[in-house]
Amino acid sequence: MEKKRNSFTGSLGFVLAAAGSAVGLGNIWRFPYLAAKDGGGLFLVIYLVLVLTFGYALLTSEIAIGRKTKQSSLTAYGQVKKGWGFLGIFASLVPLLIMPYYCVIGGWVIKYFTVYFTGHGTDAAHIDADNNSFFDFFITQETAPIIFFVIFLAACAFIIFRGVNKGIESSSKVIMPILFVLVIGISIFSLTLEHTDAAGVTRTGFEGMKVYLIPNLDGITVGGFFRVLIDAMNQLFFSISVAMGIMITYGSYVKDEDNLGKSINRIEFFDTFVAVLAGAMIIPAVYTFMGTEGMNKGPGLMFVTLPKVFESMGAAGNVIGCLFFAMVFFAALTSAVSVMEAVVSSLMDQFHLSRVKAAVIETVIALIGGVFVCLGYNKLFFRIELPNGDGAQILDILDYISNAVLMPLVALLTCILIGWVVKPKTVIDEVEKNGEKMGRKILYTVMVKVLAPIFMVILLLGAFGVV
């Protein structure tokens, strides 16, 4: 099987594909919300420190495991150390659970893009007399969300069916430059905004940028700082695509002669660059038209608050809204492709299936799961309380199991495996196999052996409502 395995044609293809995986919906709706909630620059500083330490350790470990074993997550862990194959099952469950609901959200993005593209952007900002938004009306429909979900899933499947080079690598080389241009362009536009509200208060995009970049330490306590740290750690999972089998899978497609350390540094840079720019794109715009109270958590920011902002821009709002949701679609697509590839590659490695058969199986699983997620807002609607106190229905439950429980667990066990069982030298040797020097070797060892496991235990305790 190893001889037949596809590989990226070069480090650029790998970096763009991995960055495409990392740059997803979490960067665009979750990062700006957390930055606004957690004191702006304070969150940014903590996040950047974590990217260069904690994130670096996890990212390096997974990519090195992938290249060393030339296997995806389901089979790679068992090759690193006999008896650890169970960890591959946990890691593979994460993308299996994420794919259905991620594609449903991708369908929401396509719906909003079509609304703005057809010139009906003001509809997206509409809220009726009962305070129900356009978003509420759309997701509670029985048919339309399923149709848009299927369109998004089909786009992902098309790329996966084409394979590593013609599908993932080729699409990333086209989509990622477009994505970067759109993010930079919209960020610059946000800085130029100015608005006077009904109370006569004038706010500008530059003032919004200050809210975003300058640390706000007013009333900060030890407990408050701890909460910001937890938020930043949680965001890191969303941002760099670790603990879900993706980076192991992509690492397995990296050629032995490529400089792994340099590629990892570039992935860190691109992901952080887009995450920070996502905040620069959204926070100044929302602040200008709605003040700091305009920041909502999760989907509400993208699908409820921002359409109001675009409406406030007048005629330009339709164009900006169209470009924004095009950008979000590209970000969501590259991430969803990586999630799907993690499952498909695992099926190919474990069961020796062809790419077509494995892709068909995962498409059917995602299709069935996604339909249930869509129906969770109407025919199958229910609400339960999660161990962390949050209310949840089908999408939230899948997100909780995959992101709050399995991902920290996979990361914790990976650190134990690398840090204490096979030792950090296993990963360090893989990074340095062509004579390159691993610049953060000591930092990596300390993180993977001591600090990262402590962080993971804290996240797991938070998921179960203990802290």
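Basis for what follows: all heavy atoms, side chains included, without hydrogens, waters or symmetry-related copies.
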From CA spacing to verdict: side-chain contact (heavy atoms from CB on, under 4.5 Å), Phe149, Leu367: CA-CA 9 Å; Phe149 149 68; Leu367 181 63; 3.9 Å; yes

Pair Asp38-Ile46, side-chain contact (heavy atoms from CB on, under 4.5 Å): steps then yes or no: CA-CA 10 Å; Asp38 290 338; Ile46 293 174; over 6 Å; no

Derivation of the side-chain contact (heavy atoms from CB on, under 4.5 Å) call for Asp136 and Ser133: CA-CA 5 Å; Asp136 296 324; Ser133 66; 3.1 Å; yes

Trace of the side-chain contact (heavy atoms from CB on, under 4.5 Å) decision for Asn318 with Met313: CA-CA 9 Å; Asn318 244 322; Met313 294 178 183; over 6 Å; no

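In this structure, the side chain of Ser187 engages the main chain of Leu277 through a donor-acceptor pair within 3.5 Å. A donor-acceptor pair is defined here as one N or O able to donate and one able to accept, closer than 3.5 Å; no such pair exists between the side chain of Asp271 and the backbone of Ala19. In this structure a side-chain-to-backbone donor-acceptor pair under 3.5 Å is missing from Asn265 to Lys262. The closest donor-acceptor contact from the side chain of Glu341 to the backbone of Ile168 lies at 3.5 Å or more, if one exists at all. Here the side chain of Thr272 pairs no donor or acceptor atom with the backbone of Phe269 at under 3.5 angstrom. Side chain of Ser72 to backbone of Ser345: a donor-acceptor contact under 3.5 angstrom is found. Glu194 places no side-chain N or O within 3.5 Å of a backbone atom of Thr196 that could act as its donor or acceptor partner. Remark: the backbone N or O of Lys255 is paired with a side-chain donor or acceptor of Arg67 at under 3.5 angstrom. With hydrogens and angles ignored, the 3.5 Å screen pairs a side-chain donor or acceptor of Asn259 with a backbone N or O of Gly261. Here the side chain of Arg203 pairs no donor or acceptor atom with the backbone of Asp197 at under 3.5 angstrom.
A side-chain donor from one of Ser239 and Tyr47 sits under 3.5 Å from a side-chain acceptor of the other. In this structure, a donor-acceptor pair under 3.5 Å is present between the side chains of Ser241 and Ser21.
Taking the six-membered ring for Trp and the full ring otherwise, the centers of Phe31 and Phe43 sit less than 6.0 Å from each other. Ring pair Tyr287/Tyr212: centre-to-centre distance not below 6.0 Å.
A heavy-atom distance below 4.5 Å is not found between the side chains of Met302 and Ile282. Looking at heavy atoms from C-beta onward, Arg440 lies out of side-chain contact with Met447 at the 4.5 angstrom threshold. For the pair Ser263/Val254, no side-chain contact is recorded, criterion being any heavy-atom separation below 4.5 Å from C-beta on. Residues Thr305 and Val286 form a side-chain contact, since some pair of their non-hydrogen atoms from C-beta on lies under 4.5 Å apart. Put simply, the side chain of Leu459 reaches to within 4.5 Å of the side chain of Met456, judged on heavy atoms. Here the side chains of Ile240 and Met247 are not in contact, with every heavy-atom distance at 4.5 Å or above. Looking at Phe152 and Phe329, their side chains come closer than 4.5 Å, going by heavy atoms from C-beta outward. A heavy-atom distance below 4.5 Å is not found between the side chains of Ile178 and Met327.
Using the six-membered ring where Trp is involved, Phe113 and Phe117 have ring planes that are parallel, under 30° apart on the 30 and 60° scheme. Relative orientation of the Phe325 and Tyr116 rings is parallel, given thresholds of 30° and 60° on the angle between their planes.
Among Phe289, Tyr112, Phe324, Phe189, the one residue that satisfies the ring-ring contact (aromatic ring centres under 6.0 Å, His included) test with Phe310 is Phe324.
A distance of 10.0 Å separates OH of Tyr250 from CZ of Phe14, quoted to the nearest 0.5 Å. Atom CD1 of residue Ile458 and atom CG of residue Leu412 lie 11.5 Å apart, to the nearest 0.5 angstrom. Put simply, OG on Ser73 and CD1 on Ile65 are 10.0 Å apart, with the number rounded to the nearest 0.5 Å.
For Phe206, the CZ atom is loosely surrounded, since the number of other residues' heavy atoms within 6.0 Å does not exceed 12. Counting non-hydrogen atoms of neighbouring residues, nucleotides and ligands closer than 6.0 angstrom, the CZ atom of Phe372 reaches no more than 12 such neighbours.
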